[in-house]
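So the structure is just underneath, and the comments pick up after that.
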Amino acid sequence: MDFDLTEEQRLLQDSVARLLADRYKFEQRKAYMKTPEGWSREIWSAYAELGLLALPFAEAEGGYGGGAEETMIVAEQMGRALTLEPWLPTVVLGGGFLRHGASAEQRSALVPKIARGEMLLAFAHTEAQSRYDLHDVATTAKRDGDGWVLNGRKVVVIHGDSAHRLVVTARTAGGQRDLKGVGVFLVDASAPGVSRRGFTAVDGHRAAEVTLEGVRVGPEAVLGNPEDGLPLVDRVVDEAIAALAAEAVGAMEAVHGLTLEYLKTRKQFGRPIGSFQALQHRAAEMMVALEEARSMAMLGAMMAEEEDATERRRQMRAVKLQVGRSARFVGQQAIQLHGGIAMTMEYAAGHYFKRLTAIDTMFGDAEHHLNALATGGGLITAAAA
Amino acid sequence: MELRFTEEERAFRQEVREFIDRNLPAATRERMESGRTPTKEMVVQWQRTLNAKGWAVPHWPVEWGGTGWSPIKRFILQEEIQQTPAPLPLGFNTNMCGPVIIAFGTEAQKKRFLPRMANLDDWWCQGFSEPGAGSDLASLKCAAKRVGDYYIVNGQKTWTTLAQYADWIFLLVRTNPNAAKQQEGISFLLVDMKSPGITVRPIITIDGAHEVNEVFFDDVKVPVENLVGTENRGWDCAKFLLSNERTGQARVGASKERIRRLKLIASQAPGGGRPIIEDPRFRERLTEVEVQLKALEITTLRVLATEQKNLGQRKPNPASSILKIRGTELQQAISELFVLAAGPYGLAGADPGADRLNEPEIVPDWAALAQPTYFNWRKQSIYGGSNEIQKNIMAKAFLGL
Ligand SMILES: Cc1cc2nc3c(=O)[nH]c(=O)nc-3n(C[C@H](O)[C@H](O)[C@H](O)COP(=O)(O)OP(=O)(O)OC[C@H]3O[C@@H](n4cnc5c(N)ncnc54)[C@H](O)[C@@H]3O)c2cc1C
Ligand SMILES: Cc1cc2nc3c(=O)[nH]c(=O)nc-3n(C[C@H](O)[C@H](O)[C@H](O)COP(=O)(O)OP(=O)(O)OC[C@H]3O[C@@H](n4cnc5c(N)ncnc54)[C@H](O)[C@@H]3O)c2cc1C
């Protein structure tokens, strides 16, 4: 049992924190959000220089060789700064599919480009009917010679508008909600038949609707087993949940800090509002919720690398549930404790609140995971009769 | 970062489990599994067994019977005892008064009291609260006046848990009513419960149990050598003791044991044509508690790991308030789930301290205990510094408000 970071991890944390403190102040972020792309290419290059885009890939393949803990460290800092770049879709999700589903050739073609910041990825999964069910896939992939033809529509593909390659889930066999028969394909976003409609999501991140009409891909586009790709999807999504948990902790910590500052400086009734006990207790409860989420984000980092898929899913559901609960509480209280000011776009608290809300709705909100976890028997086994 | 237990820690857990399985009397285990509080004899017997093994006071200095173990290893022992379930060593002795004597007492006091405390030869109780001094403990009035080689104690304590079993009481008394600050006129005294002038009167709590008492002091003579630390500096002892008291209140192992039991019960208890565990609403409430308990467990380990590093430093950890708040809320939530599981059968409630419940059986024992335990557990968020007081502490000490 050791909760400390290694020297190397601390250096990583410091360097990301320094970069973001310097170049991702709230006013700077607003400027990035206003650009046509909605995020900063310069910052993206800076991530590349720090090795953040190579983070999870093996050193032998041109990566940084980081594990789930390094992902946690970086994601937490990005949560603090509310970064807008496509790091999660490219490095954690896209990178996860490459690490666990791609051949060595595929990786050697893509990883160096990702690491240099020249290749963006996105995970095209959610469909109009699928909600949070990873196995609910109506998009089809039909065999065509040695390749495949894809048809379907994906909604809210996070950072799907800028991606060079899309990781697409498509049904190769079975019915729409069967567990078997889901394939994962790496699709060139500029291939004929792919059309995209970009938009800015509620949290300021970019996203896209992606339509696939008769999109032909070769056999090299297949990631993992085309007839049974769901375990791969589960695994990568679990890694993304761990990263999101850490990002949420960073965001909660920052907005809690902002709230405490405000409570100390805002005066009403002739004294700082932080002197009112009703608000002090809320601030303390926010800290309890934050520390619960931090503990669970650590569990997430540990479980992301668990080989037993059932156990990993179970624990990750617990992580996402607690983080969702904490995020909602901390976000709502941050707004309430500020009063009217936090209702404005001009002030950072509302943006944290929105990102925390978005994180809850990515890859299953608290209610979704609660339901699944409860149906599966919870975390603790019953006493012997 | 390494969040898994080491090989050595896992082996130790196994060793503890085997020791408990071999040595814990079946009657004690059964009584606790059913949710009843253990009898005095059971607590004494088991602490002596642990003490003989050298495990009753692992956190004390080695010269006074401690083990020199890491906080994590101590956590494992405690968790295994709670998970069995078996009685923990008596907190008044081992976590409250013992550490105060170790930190503030004289050599003579240590020699005289500590070995008997560890072996539960003497049962101690805590005489802090008074009718007029609850959360605002420093306003206490129970007075001790120095007369020659004695203090003469007059006043009243209340809420004194298990004073009816106690051989000794540790008291906060006012020795200087004229001090500039209330905190500066308080002393920490050790008093023999057999002293003439002490009267113990039961208070029956809402669950029907005799757990707490009023204790009256009428010209009770206490030798001056029973003063711990310096006269009028007893508040230092009290603060030290209260922060130790809090950390123990997360009781993660005990909550896990209750959930395991609840799951077994709920898979058998009727819930509208099916076992209640299959009721989605029940199941989800239970799952929420399990997840929060997981978070609490990791938070507890984080606190212990910090303690391990700051060994020897005596500054209170902000997280101890977090553990107290969430730990008590979860224990209360679990007790509510037992009430839900019992449904109408819970109406046939029984005193959890009683030896024989419900005989011959009208409803299962666990159902008879569900509501009384739920009633009793409301105390969790009140004592040991109420949860509101914990939030005050956090706001002041850690949030800078
Ligand atoms: C969307 C919106 C529309 C509005 N429309 C109008 C309008 O049309 N006309 C108009 O005049 N005003 C309007 N208001 C202003 C509104 O009435 C104020 O926001 C409100 O009175 C709170 O004041 P404040 O925002 O300055 O927060 P503050 O008064 O600074 O309060 C900050 C926090 O401290 C708490 N607090 C303050 N004092 C105490 C205390 N003594 N004890 C415990 N807690 C305390 C508050 O509850 C809050 O949580 C609007 C506000 C919003 C957000
Ligand atoms: C079952 C049981 C066993 C106990 N065992 C012992 C024992 O063995 N020895 C012993 O010495 N004591 C014991 N106590 C006493 C316990 O420590 C006190 O009950 C506790 O300190 C609270 O004091 P009070 O009951 O007088 O409530 P009060 O202090 O009167 O509090 C009433 C309410 O006001 C709140 N409150 C008080 N002050 C503040 C504040 N500043 N800000 C916000 N809210 C506040 C409290 O949280 C509570 O909700 C026991 C209590 C119980 C219920």
Side-chain angles (χ1 to χ4, degrees), chain A residues 1-6 9 69 72-73 256 259-261 263-264 272-277 279-288 291-296 298-299 301-303 315 317-319 321-322 325-326 366-367 369-385, chain B residues 1-6 9 33 70 72 75 256-257 259-268 277 280 282-302 304-306 308-309 318-319 321-322 325-326 329 388 390-396 398-401:
Chain A
M1 200 73 49
D2 176 11
F3 295 87
D4 282 348
L5 301 184
T6 63
Q9 289 173 333
E69 289 175 21
M72 176 183 83
I73 290 163
H256 188 229
T259 307
L260 293 177
E261 267 322 297
L263 290 177
K264 286 173 206 168
I273 56 173
S275 64
F276 301 125
Q277 194 182 53
L279 304 191
Q280 292 178 350
H281 282 198
R282 294 285 185 79
E285 286 155 13
M286 287 168 80
M287 183 177 175
V288 174
E291 291 307 324
E292 283 182 305
R294 193 192 304 282
S295 288
M296 290 308 260
M298 288 175 167
L299 178 68
M302 178 176 113
M303 292 312 295
Q315 300 288 341
R317 289 190 191 287
V319 169
L321 166 56
Q322 181 61 59
R325 287 274 191 268
S326 292
E367 304 311 314
H369 287 295
L370 171 58
N371 182 284
L373 191 56
T375 310
L379 290 177
I380 297 176
T381 46
Chain B
M1 223 171 76
E2 175 51 64
L3 303 188
R4 281 164 233 262
F5 287 106
T6 63
E9 286 161 348
E33 273 177 354
S70 70
I72 300 287
F75 171 82
K256 277 194 199 165
E257 189 277 330
I259 288 175
R260 284 206 183 97
R261 182 80 12 206
L262 176 61
K263 284 191 159 179
L264 172 63
I265 286 165
S267 67
Q268 297 162 349
I277 194 79
F282 179 84
R283 202 158 59 187
E284 290 188 357
R285 281 185 64 170
L286 176 56
T287 302
E288 296 232 34
V289 170
E290 288 178 60
V291 170
Q292 284 199 306
L293 188 62
K294 186 81 203 173
L296 181 69
E297 179 181 7
I298 298 169
T299 310
T300 304
L301 291 168
R302 283 169 52 204
L304 292 176
T306 318
Q308 189 142 328
K309 250 187 302 93
S321 292
I322 296 180
I325 293 168
R326 249 334 169 242
E329 286 174 350
E388 288 74 28
Q390 301 306 323
K391 288 174 196 174
N392 291 350
I393 293 173
M394 287 172 67
K396 270 199 196 60
F398 312 114
L399 304 179
L401 297 176

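Reminder, nothing fancy here: chain letters follow the sequence lines and each chain counts from 1.
B:Asn392 and A:Gln277 share a donor-acceptor pair across their side chains, judged by distance under 3.5 Å alone.
For A:Met72, the part sitting under 4.5 Å from any heavy atom of chain B is the side chain, from C-beta outward, and nothing else. Looking at A:Glu69, only its side chain comes within 4.5 Å of chain B, counting heavy atoms on both sides. With a threshold of 4.5 angstrom between heavy atoms, B:Leu293 approaches chain A through side-chain atoms but not through N, CA, C or O.
Among all heavy-atom pairs drawn from B:Gly400 and A:Lys264, the shortest one is O-CE, 3.3 Å. The minimum heavy-atom distance between B:Gln268 and A:Ala385, with the atom names listed, is NE2-CB, 4.4 Å. The minimum heavy-atom distance between B:Leu401 and A:Ala283, with the atom names listed, is CD1-CB, 3.9 Å. In this structure, A:Ala382 and B:Lys263 approach most closely via the heavy-atom pair CB-CB, 3.5 Å. Nearest heavy-atom pair, A:Ile380 versus B:Arg260, reported as atom, atom and distance to 0.1 Å: CG2-CG, 3.7 Å.
Atom CG of residue A:Leu373 and atom OG1 of residue B:Thr287 lie 5.5 Å apart, to the nearest 0.5 angstrom. Here CG of B:Leu399 is found 12.0 Å from CG of A:Leu279. Values are rounded to the nearest 0.5 Å. To the nearest 0.5 Å, the span separating CG on B:Leu301 from CE on A:Met298 amounts to 11.0 Å. Rounded to the nearest 0.5 Å, atoms CD (A:Gln322) and CD (B:Glu290) are 13.0 Å apart. Summarising the geometry, atom CD belonging to B:Gln292 is positioned 9.5 Å from atom CE belonging to A:Met296; distances are rounded to the nearest 0.5 Å. Between A:Thr6 atom OG1 and B:Glu2 atom CD the span is 12.5 Å, to the nearest 0.5 Å.
Listed for the A:Glu292 side chain is no donor-acceptor partner under 3.5 Å among the backbone atoms of B:Ala295. In terms of modelled atom types and a separation under 3.5 Å, the side chain of B:Arg302 and the main chain of A:Glu291 share a donor-acceptor contact.
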Query raised in the report: Can A:His281 and B:Glu388 be said to form a side chain to side chain contact (heavy atoms under 4.5 Å, CB included), step by step?
Result: CA-CA 8 Å; A:His281 282 198; B:Glu388 288 74 28; 3.9 Å; yes

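If you tally non-hydrogen atom pairs under 4.5 Å between each of A:Thr381, A:Val319, A:Leu5, A:Leu263 and chain B, the highest count goes to A:Thr381. Top candidate by heavy-atom pairs under 4.5 Å with chain B, chosen from A:Gly378, A:Ala293, A:Ser295, A:Ala284, is A:Ser295. With chain A as the partner, the residue from B:Glu257, B:Arg326, B:Lys396, B:Arg261 showing the most heavy-atom pairs under 4.5 Å is B:Arg326.
Qualifying side-chain contact (heavy atoms from CB on, under 4.5 Å) partners for A:Ala366, counting only residues two or more places apart in sequence or in other chains: A:Leu321, A:Arg325, A:Asp360.
Evaluated for a side-chain contact (heavy atoms from CB on, under 4.5 Å) with A:Leu370, the options B:Glu284, B:Arg283, B:Arg285 yield exactly one hit, B:Glu284.
B:Lys391 has its side chain out of reach of A:Gln280: every pair of non-hydrogen atoms, C-beta onward, lies at least 4.5 Å apart. Counting heavy atoms from C-beta outward, A:Val288 and B:Met394 have side chains that approach closer than 4.5 Å.
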